[in-house]
Amino acid sequence: MKNFSTIPSGQKINTLICTCDVTGFARLSREKGIEAVLCLMNDFTSLVNERIKTSSGSIIKYIGDSALIIFPEDAVDEGVALLLSLKKDIETSFSRRNLRNRITFSLHFGEVIVARFKPFDTIDILGDAVNTAFLIDRGDYRGRFVITPQVFRKLKPETRKKFHKYTPPVVYLAE
């Protein structure tokens, strides 16, 4: 999505949305201190920047120990393959530093609106699809690579083989 920055504010686009979040970040900062946190974040952001800049994806922003990344609608398979590889590379980097941290990748496909905010002309994406991407990385999925059915349906058959359906147990809640 090399031309993402040229999309006008207010335009709606369909896109692959990825949130990636480092697990155990608070524990790491408590146990090992700020130096370990800085090393971890330097490894994380360096690998993400290096890999995304050579693809059709765009990094929207970093949020603490997380990143928000998008890929165009016609590059869902490319994005999924790249992000699967990136997860492995990031976790290998953490392991070399004897860090137990993992990284959660949560992917959703849907419509977003491109927003430009003044006075710094920052670009962001907004919409329910973004919220969905952020909300699926909870609980059992921490440290995993999770895609929604909307992403799965966009994948080519050979890419689909890398995934299996996970259906959590049904529960009933009282108000």
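- The CD1 atom of I147 sits 11.0 Å away from atom CG of L83, with the distance rounded to the nearest 0.5 Å.
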(message) Quick one, L107 with V146, criterion side chain to side chain contact (heavy atoms under 4.5 Å, CB included). Give me CA distance, side-chain angles, the key distance, then yes/no.
(response) CA-CA 6 Å; L107 283 68; V146 183; over 6 Å; no
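- Placement of I70 and I63 within a single hydrophobic cluster is found when ILVMFWY residues are connected by side-chain heavy-atom separations under 4.5 Å, directly or transitively.
- Looking at R97, its side chain never comes within 3.5 Å of a backbone N or O of T92 through a donor-acceptor pair.
- Looking at S93 and D43, their side chains do bring a donor and an acceptor atom within 3.5 Å of each other.
- Residues R27 and K32 form no side-chain contact, since every pair of their non-hydrogen atoms from C-beta on lies 4.5 Å or further apart.
- Side chain of K87 to main chain of C20: no donor-acceptor pair is present (N/O by atom type, distance under 3.5 Å, no hydrogens or angles).
- Between the side chain of T23 and the backbone N or O of R102, at least one donor-acceptor pair lies under 3.5 Å.
- The CZ atom of F71 sits 9.0 Å away from atom OG1 of T15, with the distance rounded to the nearest 0.5 Å.
- In this structure, K162 has no side-chain hydrogen bond (donor to acceptor under 3.5 Å, both in side chains) partners at least two apart in sequence or on a different chain.
- The two atoms that bring S66 and D21 nearest to each other are OG-OD1, 2.6 Å, heavy atoms only.
- Contact record, V80 with V151: CG2-CG1, 4.1 Å, taken as the closest heavy-atom pair.
- Contact of the E111 side chain with the I13 side chain is not registered, since no non-hydrogen atoms from C-beta on lie closer than 4.5 Å.
- The aromatic rings of F44 and Y62 sit perpendicular, their planes meeting at an angle over 60°, well past the 30° parallel limit.
- With S85 contributing its side chain and A81 its backbone, the two residues share no donor-acceptor pair below 3.5 Å.
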(request) Show your working on side chain to side chain contact (heavy atoms under 4.5 Å, CB included) between F163 and L84 and close with a plain yes or no. (result) CA-CA 11 Å; F163 297 92; L84 277 166; 4.2 Å; yes
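- Closest approach of A133 to T19, counting heavy atoms only: O-OG1, 3.3 Å.
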(request) Kindly determine whether F25 and L40 satisfy side chain to side chain contact (heavy atoms under 4.5 Å, CB included), including the steps that lead there. (result) CA-CA 9 Å; F25 191 76; L40 176 134; 4.0 Å; yes
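- Rounded to the nearest 0.5 angstrom, I113 CD1 and D124 CG are separated by 11.5 Å.
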(request) Could you please spell out the steps behind the side chain to side chain contact (heavy atoms under 4.5 Å, CB included) verdict for L86 and L47? (result) CA-CA 7 Å; L86 181 59; L47 283 167; 4.1 Å; yes
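- For L16 against V76, the heavy-atom pair with the smallest separation is CD2-O, 3.9 Å.
- Listed by first then second residue, pairs satisfying side chain to side chain donor-acceptor pair (under 3.5 Å) with a partner in residues 145-160 read E73-K154, D77-T159, H108-T148, T148-Q150, not counting sequence neighbours.
- Side-chain contact check for S106 versus F134: every heavy-atom pair is 4.5 Å or farther apart.
- For the residue pair L82 and S55, the shortest heavy atom distance occurs at CD1-CB, 3.5 Å.
- The closest donor-acceptor contact from the side chain of N49 to the backbone of T45 lies under 3.5 Å.
- Cluster annotation: I90 is connected to L38 through the hydrophobic network of ILVMFWY side chains, with a link wherever side-chain heavy atoms come within less than 4.5 Å.
- You'll find the side chain of E31 reaches within 4.5 Å of the side chain of R100, heavy atoms only.
- Going from atom CZ of F152 over to atom NZ of K165 covers 9.5 Å, rounded to the nearest 0.5 Å.
- Atoms CZ and NZ, from F145 and K88 in turn, are 14.0 Å apart once rounded to the nearest 0.5 Å.
- Taken together through direct or relayed side-chain contacts under 4.5 Å among Ile, Leu, Val, Met, Phe, Trp and Tyr, F117 and I60 form parts of separate hydrophobic clusters.
- Here D89 pairs with R51 under the side-chain hydrogen bond (donor to acceptor under 3.5 Å, both in side chains) rule; sequence neighbours left out.
- Rounded to the nearest 0.5 angstrom, K12 NZ and N14 CG are separated by 10.5 Å.
- Side-chain atoms of I59 and V48, non-hydrogen and from C-beta on, do get closer than 4.5 Å to each other.
- With hydrogens and angles ignored, the 3.5 Å screen pairs no side-chain donor or acceptor of N101 with any backbone N or O of V22.
- Pairing each heavy atom of S58 with each of I52, the nearest pair is N-CG2, 3.9 Å.
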